[in-house]
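Worksheet for the structure shown next.
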Amino acid sequence: MHVPGETPAQAPHARAHPGPGLPVARSAGVCTVAECSRADSGLTSQPGQRRAGPVCTRGCPRTYPQPRLAYPHPRSPGLAMDPECSQLLPALCAALADPRQPVADDTCLEKLLDWFKTVTEAGSSLLLLEGSPCLVELLCQVPRAPGLSPGVLAFSLRLAGLLAAQEDCFQYLQQGQLLPGLFGEAGPLGGAAWTAPTVRSGWIQGLRAMAQHPSALRFLDDFGALDTVFSLQGDSSLFVASAAGQLLAHVLALCMGGPAGAQPGLQARDWPACAQRIVGHIEEALCSAAAPRVTQALHVLSTTFGRCHGPWGQVLWERLSPPVARLLEKDPVLAAHALVDLLLSVARSPALSSDSGLWETLAQTLGHLSPTQAGPLALGVLKLQDCPQALRTQAFDVLLQPLACVLKAAAEAPGPPGLPAAPAEDSAVVDVLLSSRSACVGLLCQTLAHLELLLPTPQRPSPWPQAALLGAAVTVLQFCRGSAVPASGVGSRLCVTLAGCVRVQRAALDFLGALSQDTGPRELLPRVFAVLLDYLASPDSSPTVLRKAFQATLRWLLSSPQPPGSCDLDPHTQRFLGELLPVLQKRLCSPCWEVRDSGLEFLAQVTRSWAGQAGFRDALLASEVPELAEQLLQDPESYVRASAVTAVGLLSGRGLHAARGSPERPGGPQSLLLDLLHVLSTDSEGFPRRAAMQVFTEWLRDGHAEVAADPERFVARVLQAASQDLDWEVRAQGLELARVFLAQMLGQPGPDCPYAVAPPAAPAPGRLAQALRALCRVRLFEFAFRALFDCDRAVAQKSCDLLLFLRDRAAPCDGPQGMGGGPDAASAEATLQRWRAGEQGQPLGPLEPEAAVAVLRALDLEGLRGALAESSDHVERSPQSLLQDMLATVGVLGDHEADCY
């Protein structure tokens, strides 16, 4: 065959090498730029054509020279590659192709691939290869380089697929048979490198990136790649096997998209060749007796139907639904979990929502699967939008059946109506519950979790059996505690199986807490409170179970009904609260720090919500809980101290703190403020100090009595302690406190953000001058200026926003004596310059309002905010920096051959 651009005499020689204009691997008898100085130095502007002119004296087609592209390329104005990168790329490609160079780790190669993806998305891959022919040289040499690392080989395969994703570039690479050399039998498939999972994964990912157009799909079929992908579905590496399935699903979904305006058909000629091969493979796998093969096929179909919602998806389901349905004829059902995923994926497809056969298959599957396998399918069916009512009823019965069995096993049977009434003794559910402890625990936890997920959804069945579910949750918890009275042999077995099972206790407490959204019959409330109190008081409750019990108790307390026309608590709730507080006192004295922490968190949360309830206030003040909470400020565990700070701060802010008039506490009520200041200044852990700053900010915002007496003194002491803290979150919270104080000084209290896009109007000059003097007295300017140059960007950003707001508020007014600055301003600016340079030791000193405003106006706060908005590694993340780092690694390791660690 004559190749355009070559003389007939040269054509036979050209057929032995890649197509015109493409490089060849360096081997005997083949010239390269470095080996043959008389090689042709010119290429035509069109890929695949060679300009008439001299060639190598041996008659060989030449390889590409080093890039001569001057940026920007005249034909590629959108090519996103800097000239510096174009200059570095040839050396890096040469290093990558050299097995002797340990050029980079996988992270660098991944970043390099991300950069190439960005370049190809911004422009033409074909023009990229024209401008950087070293890439083609790399792709040609790497598969044939002995001893090359698997990472570099995988990178090359993925890069080739990325470039070939554009059809014109694919055709260009095909001219030189480069793609078969990479992805065909001549590539790594037949070599030792194929044993590395990284290479197999790179091979699949390269094909996945390439498969974006019809030419690539034909390539997969023509060169046998699909057969290799089929075999890789069973690869020993889970990552490789998953990638193979994803590739098949992608190709199938792409084929199923069909050409624009095409109508789907059932005849074989209507299916693309790739689709026919894949569908045939799936049909064969579905008829297999091997569960792994069935699972692989079902996973491919699930992914495909998740992406393909057009009419071709309906054709595909009509073709494959018979072998899928035949899976239900086997006992046990093979690959049940994968089958559930497939059926739900198909049912979510809008094109199949009217298929009555699909709903029949779903109903049959619910009846054939075991209770544990049917649970996820039942939940998925109930969440479908267009599900028939009969199927929804069947699915809900499947979900409720385990709890119905538990209820009937207790003496309270038959219990409230609403659960399935089928005999429990001869059901498959009872068989699972009694088969083993792990099966019983797994089924109950799954059922409780599924019902909890279903509870807040709009697809929740109606009527909702609230009373029956409350009774079932309480009964499960009683079985776990050993307090349930069995009514049958099943109940006796459950007492033994569930005794002390922490996993079921946690799941049941979560579900019981979720049920508080609909309280149900009020006569059940005492029973709910009784089981919660039993768990909170039991010495056998583990710390995790106690935490769940506290959380469920809080949800039920906050949702408990109030008597009509009253703001007080319900009698049941008030009685429960009187029994709960002594238990809480006991838990605050627990030797386990997790229990003390859970108790304090519960106290803080219930106080935040119920501080205005007279019944709660009276019961709490009559107990020892507030005093115990204050004692925990000295707890040896930092988490407990932090929770104690939060709880005590809330109690004090709501007037519920412990009395301080005892001889042991002669400091009076104000000593609580001193205690928290002591925590902020001296605690060795960051959590208590952060909690103290949050409490102080809330006190200032809410007008706490101890703060309102002298707010300036309070703010000054807190900012002084925060400015010396090494924890950036403490310093950031100090800026939040400064913001609240500033808003109050300017007469702008409330939730509005003071540095929003449209801030409130500027204050009157007199009020502004007064506010500035107050800010200087509390040394807020020094705190904010120091934070402006903080080593933590979040602190500096918060300070910059605060100072910008203050500068904008102060701009319209000249203020006292014209705000003209003076020597103080010059000294302050000099100090700030030293702070910017990293010399933070020198204090700013006292500032007058005039000097502070002058410094504010002198600072380029907008420029600083823009600089802070950039990521800290924006320079290091640039492609040029990446290429330089990879080349530097080559140089260092090449010279010293030493591990840098």
Side-chain angles (χ1 to χ4, degrees), residues 226 230 233-234 245 248-249 251-258 262-370 373-374 376-378 380-381 384 386-388 390-391 394-395 398:
L226 279 180
F230 293 155
Q233 282 187 282
L248 291 177
V251 173
L252 190 56
L254 194 63
C255 293
M256 289 297 97
Q263 295 297 321
L266 295 176
Q267 288 74 24
R269 63 177 179 272
D270 296 321
W271 295 74
C274 272
Q276 294 182 41
R277 292 279 314 278
I278 296 175
V279 171
H281 171 75
I282 290 175
E283 285 181 314
E284 180 184 348
L286 290 175
C287 298
S288 170
R293 288 200 65 194
V294 177
T295 302
Q296 295 161 11
L298 293 174
H299 283 165
V300 171
L301 289 178
S302 298
T303 307
T304 302
F305 281 106
R307 299 172 181 173
C308 180
H309 302 294
W312 286 92
Q314 186 174 4
V315 174
L316 180 63
W317 176 244
E318 291 175 358
R319 170 84 173 265
L320 294 176
S321 56
V324 170
R326 284 195 292 271
L327 293 175
L328 300 176
E329 301 173 359
K330 301 178 182 179
D331 188 21
V333 177
L334 296 179
H337 294 294
L339 177 61
V340 168
D341 292 339
L342 169 63
L343 292 177
L344 291 177
S345 180
V346 174
R348 296 186 189 106
S349 176
L352 293 165
S353 60
S354 59
D355 186 350
S356 59
L358 172 62
W359 304 123
E360 293 175 2
T361 303
L362 284 168
Q364 293 173 5
T365 307
L366 283 172
H368 280 79
L369 296 180
S370 70
Q373 296 167 343
L377 179 60
V381 166
L384 295 174
D386 303 316
C387 179
L391 182 59
Q394 180 187 0
V398 168

Applying side-chain hydrogen bond (donor to acceptor under 3.5 Å, both in side chains), name anything that partners Q314, two or more places apart in sequence or on another chain.
none
Review item, side-chain donor-acceptor pairs of residues 284-299, under 3.5 Å, at least two apart:
| unit_1 | atom_1 | unit_2 | atom_2 | d |
| --- | --- | --- | --- | --- |
| S288 | OG | A290 | N | 3.0 |
| T295 | OG1 | A291 | O | 2.8 |
| Q296 | NE2 | Q233 | O | 3.3 |

Would you compute the distance between atom OG1 of T303 and atom CG of L248 and round it to the nearest 0.5 angstrom?
10.0 Å
Interatomic spacing from CG in D386 to CG in L352 - rounded to 0.5 Å
12.0 Å
Minimum heavy-atom distance between C255 and A275, given as atom pair plus value:
CB-CB, 3.8 Å
Please step through side-chain contact (heavy atoms from CB on, under 4.5 Å) for the pair V381 and V398, ending with a clear verdict.
CA-CA 11 Å; V381 166; V398 168; over 6 Å; no
Under a 4.5 Å cut-off applied to non-hydrogen side-chain atoms, are L316 and L252 in contact?
yes
Q394 side chain to A363 main-chain N or O, any donor-acceptor pair under 3.5 Å?
yes
CG/L343 to CD/Q364 distance, rounded to the nearest 0.5 angstrom?
10.5 Å
ring-ring contact (aromatic ring centres under 6.0 Å, His included) pairs, two or more places apart, involving residues 272-294
F230-H281
Gap separating the CG atom of L391 from the CG atom of L366, nearest 0.5 angstrom
6.0 Å
How long is the gap from CG on D341 to CZ on F305, to the nearest 0.5 Å?
14.0 Å
Report the C-alpha distance between L369 and V340 in whole Å, list the side-chain angles of each, state the deciding distance to 0.1 Å, and finish with yes or no for side-chain contact (heavy atoms from CB on, under 4.5 Å).
CA-CA 10 Å; L369 296 180; V340 168; 3.7 Å; yes
In Å and rounded to the nearest 0.5 Å, what is the CG to CG distance from L344 to L384?
6.5 Å
Heavy atoms of C387 and W359 approach each other most closely as CA-CH2, 4.1 Å
Quick one, R319 and V315 - any side-chain contact, counting heavy atoms below 4.5 Å?
no
What are the two closest non-hydrogen atoms of L226 and C274, and how far apart are they?
CD1-SG, 4.1 Å
